[in-house]
Amino acid sequence: MTPELLTQQFINALSLGSIYALLALGLAMVFSVLGMLNFAFGELVTVTGYVMFWLVAAQTSFVTAAIAGVLFATLASMLIEQIAFRPLRRAPFVTLLFSSFAVAVIIQNLIRQLVSPRPQGVPVPNVFDEVWRFGTFQVGVLPMITLGVGLVSLGLLAAFLQRTSWGLAIRAAALDFEVARLMGIRANRVIALAFAISGFLAGVAGVLWVARRGTVTPDMGFVPILKAFIAVVIGGLGNLWGAVLGGFVLAFLEIGLEVLLPNEFRPFTEAFALIAVVIILYVRPQGLISTQSGERV
Amino acid sequence: MLHIRDLVVNYGPVEVLHGISLSVETGEIVSVLGPNGAGKSTLLRTIVGLLRPQRGEITYQSTRIEGRSPEDNLAAGIALVPEGRRIFSRLTVLENLRAGAYLKRNKREVEENLAFVFEQFPILFERHAQLGGTLSGGQQQMLAIARALMSQPQLMLLDEPSLGLAPLLVHDILELIQHLRDNGLTIVLVEQNAHQALEISDRAYVLASGKVQAEGDALEFQQGGLDLEQAYLGDA
């Protein structure tokens with residue numbers, strides 16, 4: 001393989017990895033605070049896509065549509081918390097599982113009924129398809145934009161989590177929710193905040209996802225939540241930075257296999273990637289970064 | 001300062017506390033002793049608001065607080081140092097302390113309080129950038145207490161602070177608790193380590209099988225006027 005091709009694939013993997021990292025962090029954010037997977041997480045990507053579809057169709061610029069999509073996903077996530085999670089705070093695990101699953105089904109079917117069950121095109125700016133050339137090296141514009149947006153978002157979030165008292169509250173609640181309450185951190189507030197961040201991340205990832213695909217479909221949230229879930233498991237459940245790492249590891253596995261596997265095996269890339277995940281978890285069942293919480297007696 | 005009357009608490013379908021009455025006056029160290037499973041932790045968790053009582057009253061500074069949230073109780077000055085320390089293992093020592101000061105919005109006050117805590121616990125200052133989980137057991141217990149101090153409480157509830165510590169460290173922790181009281185804190189101390197706890201306590205309650213089996217001055221228990229062993233046996 002030429003160094004040019006290698007560089008290009010490396011950037012592709014980083015770019016896909018930053019989308020997976022955003023998704024995984026979004027899913028892990030709610031999981032670590034609530035101890036509960038939000039099965040409607042993928043639908044946040046979907047609503048971002050449809051808000052963009054609608055706005056772009058109404059002659060809004062792609063960037064404006066993208067910002068609106070992110071805002072809408074953030075609000076939608078907070079609304080889901082209010083409707084599907086908050087009233088069931090003391091309910092058993094399975095109840096919450098069903099209620100978030102119900103939200104996912106309702107959103108998908110609303111879109112099928114109100115918009116269309118068929119794929120809708122979202123015209124992407126032409127510049128995304130262009131290629132930058134540096135001598136013999138060439139990199140796609142979209143992977144670079146994806147990487148840039150992904151890293152900036154992750155950086156902003158890291159700064160928020162590490163440097164603000166709300167960020168500290170989230171990290172504390174993720175480690176030990178009950179003790180966080182003993183510190184005066186309000187349960188409702190920190191959960192709402194976790195959902196807002198989760199929605200924001202799903203929105204940013206959704207924009208990047210739509211820019212790659214150029215279409216939206218009612219079930220487009222399935223692949224993102226699946227990837228996010230795998231990344232979160234690789235990284236170590238309940239660990240925020242582990243989720244980010246897991247996202248990049250998954251992307252490098254997928255792109256690496258795509259490059260290395262002979263042509264006739266290409267259709268099975270994802271299967272091989274999952275086998276690799278199984279091997280990782282066989283060696284490190286607790287995930288790459290294990291969460292050791294305080295001694296509990 | 002704290003008055004509890006006929007407190008009944010269930011843990012799931014099981015009644016764990018069957019009508020507990022207890023009071024703590026300002027400036028006292030009151031021990032709650034008793035065997036494993038007597039309901040001591042349940043009592044503290046109910047006072048602080050992590051559990052809701054079925055019946056009974058909890059009055060703190062003339063206000064009824066039963067069923068109030070831990071967040072509100074902390075704001076009112078009640079802090080719990082939970083059993084097993086439960087420091088945030090993946091946060092640094094400094095972040096643990098800042099989490100403890102979460103409710104304090106006055107930045108200067110927080111920094112002053114932090115300086116005070118570091119003065120009290122030089123070892124925590126030395127290790128302020130380390131992850132909490134890397135501290136030894138005794139240091140973690142100090143961190144747990146220091147973290148609770150960051151909210152500047154008036155009433156501190158300590159759940160088995162000596163658990164799992166070497167005898168010498170147990171002595172240090174109990175001395176620290178005494179020192180905190182001398183600085184104006186009121187303390188409820190839950191302990192299995194009865195004899196050592198009595199040494200620093202003003203009064204004690206013995207809890208067994210979810211009921212108060214004996215209560216009195218610490219001295220009476222120590223001198224045998226009240227039979228500690230008999231009270232421990234409870235209804236059994």
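Numbered from 1 within each chain, the chains take letters A, B, ... in sequence-line order.
- Around atom CZ of A:Phe252, more than 12 heavy atoms belonging to other residues, nucleotides or ligands sit under 6.0 Å away.
- For A:Trp241, the CH2 atom counts as densely surrounded, since its 6.0 Å shell holds more than 12 non-hydrogen atoms of other residues, nucleotides or ligands.
- To the nearest 0.5 Å, atom OG of residue A:Ser165 and atom NZ of residue B:Lys107 are 8.5 Å apart.
- Looking at A:Ala187, both its backbone and its side chain come within 4.5 Å of chain B, counting heavy atoms on both sides.
- For chain A, the nearby parts of B:Ala99 are the backbone and the side chain; heavy atoms of each come within less than 4.5 Å.
- To the nearest 0.5 Å, atom CZ of residue B:Arg45 and atom CG of residue A:Leu182 are 8.0 Å apart.
- Dense packing is recorded around CZ of B:Phe121, with more than 12 heavy atoms of other residues, nucleotides or ligands lying under 6.0 Å away.
- Heavy-atom contacts from other residues, nucleotides or ligands closer than 6.0 Å to CZ of A:Arg89 number more than 12.
- Salt bridge absent: A:Arg189 and B:Glu71 never bring a charged side-chain N and a carboxylate O closer than 4.0 Å.
- The number of heavy-atom neighbours closer than 6.0 Å to CZ of B:Phe118, taken from other residues, nucleotides and ligands shown, is above 12.
- Scanning both residues, B:Pro82 and A:Val179, for their nearest heavy atoms gives CG-CG2, 4.2 Å.
- In the displayed structure, B:Arg105 atom CZ is contacted under 6.0 Å by more than 12 heavy atoms of other residues, nucleotides or ligands.
- B:Tyr102 is not listed as a side-chain neighbour of A:Leu168, based on a closest heavy-atom distance of 4.5 Å or more.
- Taking B:Leu50, B:Val81, B:Val48 one by one and counting their heavy-atom pairs under 4.5 Å with chain A, the maximum is reached by B:Leu50.
- Under the 4.0 Å criterion applied to side-chain N and carboxylate O atoms, B:Asp72 and A:Arg186 are assigned as salt-bridge partners.
- Within the 4.5 Å cutoff, no side-chain heavy atoms of B:Pro70 are placed close to those of A:Glu178.
- Considering CG of B:Leu103 and CE of A:Met183, their distance stands at 10.0 Å, rounded to 0.5 Å.
- Other residues, nucleotides and ligands contribute at most 12 non-hydrogen atoms within 6.0 Å of the CZ atom of A:Phe98.
- The structure places CZ of B:Arg90 at 7.5 Å from CG of A:Leu175, a figure rounded to the nearest 0.5 Å.
- With a 6.0 Å radius and a threshold of 12 heavy atoms from other residues, nucleotides or ligands, B:Arg52 has its CZ atom at or below the threshold.
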